[in-house]
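What follows is a single structure, written as structure tokens, with notes after it.
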Amino acid sequence: MEARIISGILRLFALLPLAWLHRLGRLIGKLFILIPNRERRIAEINLALCFPELSETDRVQLRNRSLEEAGRTLTEMAAVWYWPIERVMGLIQKVSGKECLSRQPEQGLIVLSPHLGCWEIAGLYVASQEAITSLYRPPRKQLLEPIIKSARERSGAELVPTDSAGVKRLYRALQTGGATGILPDQQPNSRKGAVFAPFFGVPALTMLLVNRLVAKTGARVVFCFAQRLPAGRGYHIHFLPAPAGIDSPDPRIAAAALNQGVESCVRQQPEQYQWSYKRFKDQPDGHSSPYK
């Protein structure tokens, strides 16, 4: 029932143009700002950790802008998930750095898309350019899974779950010159297959999957994000080369390079990053979670 209600609301919102959806999202963000809530609290903690050089006034302003953008993230899903794919692709106004996708014949490609801007449309665009197999974490509400999977696969992507079978599918895709898509800034579920590496100077438990995929397949790594343009004008897709060291045999160097790549993307549009996510929940032994 709940999934049908959510789907119905999004379908209703999909009748609106993007500019109206973003205005509605901004209003939702204003509620996040005015009413004490989990998202506001976590964003405040993360911004204090990651931008200690900012004054309190500047951090509050950045927090407020980020919460407004979080509201837009919610409402724009109606367009990105339910509009015809041709109309969705028409929202992309500019693509920068597309030359980063070039690689040697039969060389695989790993596309890392942080939770920045509209990562849903970033995934759809990459899938329209490459035969891509993407990892995804099934939602907690299982009834939403077919909605999300259908929306994300309609431009050609193949979605595989974050389990051993899904990872094996990534290896096969890369070994045959295909592409894979990974969200690189999610905290791993366990410390197995992960190390702590700095993210904005703060220890963050970081996946080693990318490092292992590169080591076994020699794949090229790029970062990608979709910048949300003002006034509902659409999106600007950015591709950036991965920092040096992401292919290092030393897992800590590789993890640090991965986080550096995410940070470089975020610094371009810091207000559009998902600061309400508990990125630093797991800390090295002897250090407690900053969210407690």
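- Of the charged side-chain nitrogens involved, none lies within less than 4.0 Å of a carboxylate oxygen, so that R65 and E69 do not count as a salt-bridged pair.
- Annotation: side chain of L24 is in contact with side chain of F13 (closest heavy-atom distance under 4.5 Å).
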Notebook entry, point to check: Please walk me through it: do V160 and S134 pass side chain to side chain contact (heavy atoms under 4.5 Å, CB included)?
Noted result: CA-CA 6 Å; V160 295; S134 297; over 6 Å; no
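- Contact between D58 and L54 at its shortest, heavy atoms only, is CB-CB, 4.2 Å.
- Put simply, the side chain of Q107 never gets that close to the backbone of G177: no donor and acceptor are under 3.5 Å apart.
- Shown here for L208 and A255, the closest heavy-atom pair between the two residues is CD2-CB, 4.4 Å.
- Under the 4.5 Å side-chain heavy-atom criterion for grouping Ile, Leu, Val, Met, Phe, Trp and Tyr, Y82 is connected to L124 within one hydrophobic cluster.
- Rounded to the nearest 0.5 Å, atoms CZ (R154) and CD1 (I85) are 4.5 Å apart.
- Panel note: side chain E153, backbone L159; a donor-acceptor pair is recorded below 3.5 Å.
- With a 6.0 Å cutoff to the six-membered ring centre and a 45° limit on the axis angle, K216 counts as a cation-pi contact of Y171.
- Distance check: L15 CG to L10 CG gives 11.5 Å after rounding to the nearest 0.5 Å.
- Under a 3.5 Å cut-off, the side chain of S102 and the backbone N or O of C100 do not form any donor-acceptor pair.
- No side-chain heavy atom of T75 sits under 4.5 Å from any side-chain heavy atom of R26.
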Next item on the list: Any chance you could lay out the side chain to side chain contact (heavy atoms under 4.5 Å, CB included) test for F196 and V202, step after step, and finish with the verdict?
Entry: CA-CA 9 Å; F196 286 99; V202 183; over 6 Å; no
Between side-chain atoms of residues 236-243 and protein atoms elsewhere (two or more places apart, or another chain), which donor-acceptor pairs fall under 3.5 Å?
from: H236; atom 1: ND1; to: H238; atom 2: NE2; distance (Å): 3.3
from: H236; atom 1: NE2; to: S96; atom 2: OG; distance (Å): 2.6
from: H238; atom 1: NE2; to: Q227; atom 2: OE1; distance (Å): 2.9

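- No path of Ile, Leu, Val, Met, Phe, Trp and Tyr side chains, each step under 4.5 Å between heavy atoms, connects L116 with L74, placing them in separate hydrophobic clusters.
- Considering only heavy atoms from C-beta on, F200 comes within 4.5 Å of R267 through its side chain.
- Under a 4.0 Å N-O distance rule, the pair D285/R191 qualifies as a salt bridge.
- Annotation: the span from C118 atom SG to R228 atom CZ amounts to 6.0 Å, rounded to 0.5 Å.
- At a cut-off of 3.5 Å, with distance as the only test, a side-chain donor of Y235 or E76 sits close to an acceptor on the other residue.
- No side-chain heavy atom of W275 sits under 4.5 Å from any side-chain heavy atom of I45.
- Distance alone, capped at 3.5 Å, is enough to place a donor-acceptor pair between the N46 side chain and the Y277 backbone.
- Side-chain contact check for H22 versus L229: every heavy-atom pair is 4.5 Å or farther apart.
- From E271, atom CD reaches atom CZ of R63 across 15.0 Å, with rounding to the nearest 0.5 Å.
- Between the side chain of N37 and the backbone N or O of F32, at least one donor-acceptor pair lies under 3.5 Å.
- A78 approaches A14 most closely through the heavy-atom pair O-CB, 3.5 Å.
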Margin query: Is there a side-chain hydrogen bond (donor to acceptor under 3.5 Å, both in side chains) between T180 and R169? Walk through the geometry before answering.
Written below: CA-CA 9 Å; T180 65; R169 184 68 188 88; over 6 Å; no
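- Scanning all heavy atoms of the two residues, the minimum distance from F51 to P270 falls at CZ-CB, 4.4 Å.
- In the hydrophobic clustering of ILVMFWY residues, with side-chain heavy atoms under 4.5 Å counting as a link, I253 and V221 come out apart.
- Atoms CD and OG, from E39 and S66 in turn, are 11.0 Å apart once rounded to the nearest 0.5 Å.
- For the residue pair T133 / R172, no side-chain donor-acceptor distance below 3.5 Å is found, with atom types taken as modelled.
- One N or O on the side chain of R41 and one on the backbone of Y291 form a donor-acceptor pair closer than 3.5 Å.
- Under the 4.5 Å side-chain criterion, counting only non-hydrogen atoms from C-beta, F225 is not in contact with V266.
- Both I182 and L258 are part of a single hydrophobic cluster, where members link through side-chain heavy atoms under 4.5 Å apart.
- Considering OG of S276 and NE2 of H115, their distance stands at 10.0 Å, rounded to 0.5 Å.
- Among all heavy-atom pairs drawn from S288 and Q283, the shortest one is O-CG, 3.7 Å.
- Environment of CZ in R252: sparse, with no more than 12 heavy atoms of neighbouring residues, nucleotides or ligands closer than 6.0 Å.
- Within a 6.0 Å radius of NZ in K278, more than 12 heavy atoms belonging to other residues, nucleotides or ligands are found.
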Check: Given V167 and L209, is the side chain to side chain contact (heavy atoms under 4.5 Å, CB included) satisfied, shown in steps?
Finding: CA-CA 9 Å; V167 172; L209 174 61; 3.8 Å; yes
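- Side-chain N or O atoms of R72 include none that pairs as donor or acceptor with a backbone N or O of Q272 at under 3.5 Å.
- Cluster annotation: V60 is not connected to I33 through the hydrophobic network of ILVMFWY side chains, with a link wherever side-chain heavy atoms come within less than 4.5 Å.
- E263 places none of its side-chain heavy atoms less than 4.5 Å from the side chain of N259.
- One finds a salt bridge joining R103 and E130 here, because a Lys/Arg side-chain nitrogen approaches an Asp/Glu carboxylate oxygen to under 4.0 Å.
- Closest approach of A219 and L109 over heavy atoms only: CB-N, 4.1 Å.
- Residue-environment remark: CD (Q104) stays at or below the threshold of 12 foreign heavy atoms within 6.0 Å.
- Looking at heavy atoms from C-beta onward, L174 lies in side-chain contact with I110 at the 4.5 angstrom threshold.
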Margin query: Walk me through whether V210 and M207 qualify under side chain to side chain contact (heavy atoms under 4.5 Å, CB included).
Written below: CA-CA 7 Å; V210 175; M207 67 171 68; 4.1 Å; yes
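- Checked by atom type, the side-chain pair Y273/D185 shows a donor-acceptor distance below 3.5 Å.
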